[in-house]
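Structure record follows, encoded as structure tokens.
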Number of protein chains: 2
Amino acid sequence: MIFYEKLLGNALFHGLELPVLRRLLEEVSYQRKHYPAETFIACEGEVSSGIHFLLNGSVRAEMSSLSGKVLKIEDIEGKRILAPAFIFGKNNRYPVDIIANRETECLFLTRHVFLRLLGMNETILRNYLDIISDRTQFLSDKLRFLTLQTIRGKIALYLLNCSRESGESQFRLPISHARLAELFGVARPSLTRSLHELKERKLIEIDGKAIRIIKKRELSMLIE
Amino acid sequence: MIFYEKLLGNALFHGLELPVLRRLLEEVSYQRKHYPAETFIACEGEVSSGIHFLLNGSVRAEMSSLSGKVLKIEDIEGKRILAPAFIFGKNNRYPVDIIANRETECLFLTRHVFLRLLGMNETILRNYLDIISDRTQFLSDKLRFLTLQTIRGKIALYLLNCSRESGESQFRLPISHARLAELFGVARPSLTRSLHELKERKLIEIDGKAIRIIKKRELSMLIE
DNA sequence: TTTTATTTGTAACATATGTTACAAAAATGT
DNA sequence: ACATTTTTGTAACATATGTTACAAATAAAA
């Protein structure tokens, strides 16, 4: 079956050979699940009964407050495990909603089956430790970014990162202001306003989605 | 040695008998480390070379921005592992500073030794998985608290929690406004101001550190 | 008790960010 | 090429929080 190969791309199975993975999966039971766009794959507060491997599609993880404020944590695409760290520990409830951005397909293993899988293979166990450790790093970074940076600082970090990745001082914003604002946990007009403040100060040039960094040095000074 | 018993209280060794733990520890090497008050046990950005078990004392974990803003993540006392989740994963750097609040003693195992320990005993491994999973829950909760709540909301959550823990509608704040403000990631006068705003609204009474909740219902409505 | 240090309360003011609303521009679908 | 939808830019205003400074109250030390 073709999805064995897809699974092999998942960090959990890194270092495994396809035949080995196939043999392991033949021993355990699993389900394939389909989610139409905007359906909830998991719900904040719900007890995690197992683990989802993303096969196709795209999902987002977000938290919301009682009053309706929403904080997007991340978009997840590609060969990832969704919310990997809530199988173990004292509290097995999801701290976030997980919602399909578009039509999405997952492989689901129950908690019990997943525990068995971890016990069957050293490499998988080790990979799992890596994965959940990476999650704590990710969350720590998110915490720093969201609570210690001003909007200006967030923009500076983001733009400098775009520039570094592309190797160019000019590039196009890969996403809309609205999505960027979600990621920054701020209001969209506030983001646009701050972005143009940087233009006024002549640190960057803006032409729609096209950005050119003029004063890299000064821009990086805006990082808190 | 007396510290075997102290270690046994650590969640990592939960479910182990003292003789078993003693035997395991006799097979591995470790160091005892002393830290005077206000010394750095670990430093943001530094690569984690092993793992610290807190034996005595108290430490705090905090992040700081380039511009000097400090966000306290938590105070750690009792039988805890410090920064347990940075041994595995792609990035083994500490995302926080870990600083001794007062004179503190730790047991230190190198990464290598710690990995061996995990391999020697199923229970320990399982406990470790629980511990780092709890860390992701903790960080998720922190993220929600810090980014989704207003100061009012933070105070409401905190006071209602104090009340629930003590079982009384009146109690004394166990810490100063200054420390509370650190925990909330806000400025001290802003915290005091918001606290007194609740008094003006007659939701609580304040007499120095003594607090009495008058309108529990309305107070809980301030939670975002 | 007296002295000293810490904590609390408060005011005036600065700044950052959110809210709402709308027009202009750009992208997309037909 | 036209119509429709999405995105961007912007203004006016509201609100939340930070900053600084200082006096009053309280707690700790001598």
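Naming convention: chains lettered A, B, ... in sequence-line order (proteins, then strands); numbering from 1 in each chain.
- Between B/R172 and B/S190, the residue whose closest nucleotide on DNA chain D is further toward the 5' end is B/S190.
- Here the C1' atom of nucleotide C/dT10 and the CG atom of B/L191 are 14 Å apart, to the nearest Å.
- Rounding to whole angstrom units, CG of residue B/L71 and P of D/dG18 are separated by 12 Å.
- Counting to the nearest Å, the P atom of C/dA26 and the NE2 atom of A/H177 are 13 Å from each other.
- With sequence neighbours left out, the side-chain contact (heavy atoms from CB on, under 4.5 Å) criterion links B/E105 to B/R32, B/H34, B/L55, B/N56.
- Residue B/K209 has its side chain nearest to C/dT8 when only D/dT8, C/dT8, C/dT10 are considered.
- Contacts of B/F86 classified as ring-ring contact (aromatic ring centres under 6.0 Å, His included), with partners at least two apart in sequence or in another chain: none.
- Following rounding to the nearest Å, B/L180 (CG) and C/dT7 (P) show an atom-to-atom distance of 13 Å.
- More than 12 heavy atoms of other residues, nucleotides or ligands sit less than 6.0 Å from atom NZ of A/K209.
- B/Q149 places its CD atom 15 Å from the C1' atom of D/dT17, with the value rounded to the nearest Å.
- Closest to the A/S176 side chain, of the nucleotides D/dT8, D/dG18, C/dG18, is D/dT8.
- Annotation: ring pair (Phe, Tyr, Trp, His ring centres under 6.0 Å) contacts involving residues 129-157 of chain B, sequence neighbours excluded, comprise B/F145-B/F184.
- Between the NZ atom of B/K199 and the P atom of C/dT8 there is a distance of 14 Å, given to the nearest Å.
- The residue among A/V186 and B/L195 whose nearest nucleotide of DNA chain C lies closer to the 5′ end is B/L195.
- Distance, B/H196 NE2 to D/dA24 P: 16 Å, rounded to whole Å.
- Residue A/T192 is classed as a base contact, given a heavy-atom separation below 4.0 Å to a base.
- Evaluation of the salt bridge (Lys or Arg N to Asp or Glu O under 4.0 Å) rule for A/D141 yields A/R144 as partners, not counting sequence neighbours.
- Here the OG-NE2 distance, from B/S194 to B/H177, works out to 11.0 Å after rounding to the nearest 0.5 Å.
- Evaluation of the side-chain contact (heavy atoms from CB on, under 4.5 Å) rule for B/I206 yields B/L195, B/H196, B/K199, B/I204, B/I211 as partners, not counting sequence neighbours.
- Rounded to an integer number of Å, the gap from B/R179 CZ to C/dT8 P is 12 Å.
- Among the nucleotides C/dA21, D/dA21, C/dT17, the one closest to the side chain of A/R188 is C/dA21.
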Contact state string [nucleotides 11-16 of chain C, B base, S sugar-phosphate only, - no protein heavy atom under 4.0 Å]:
-B---S
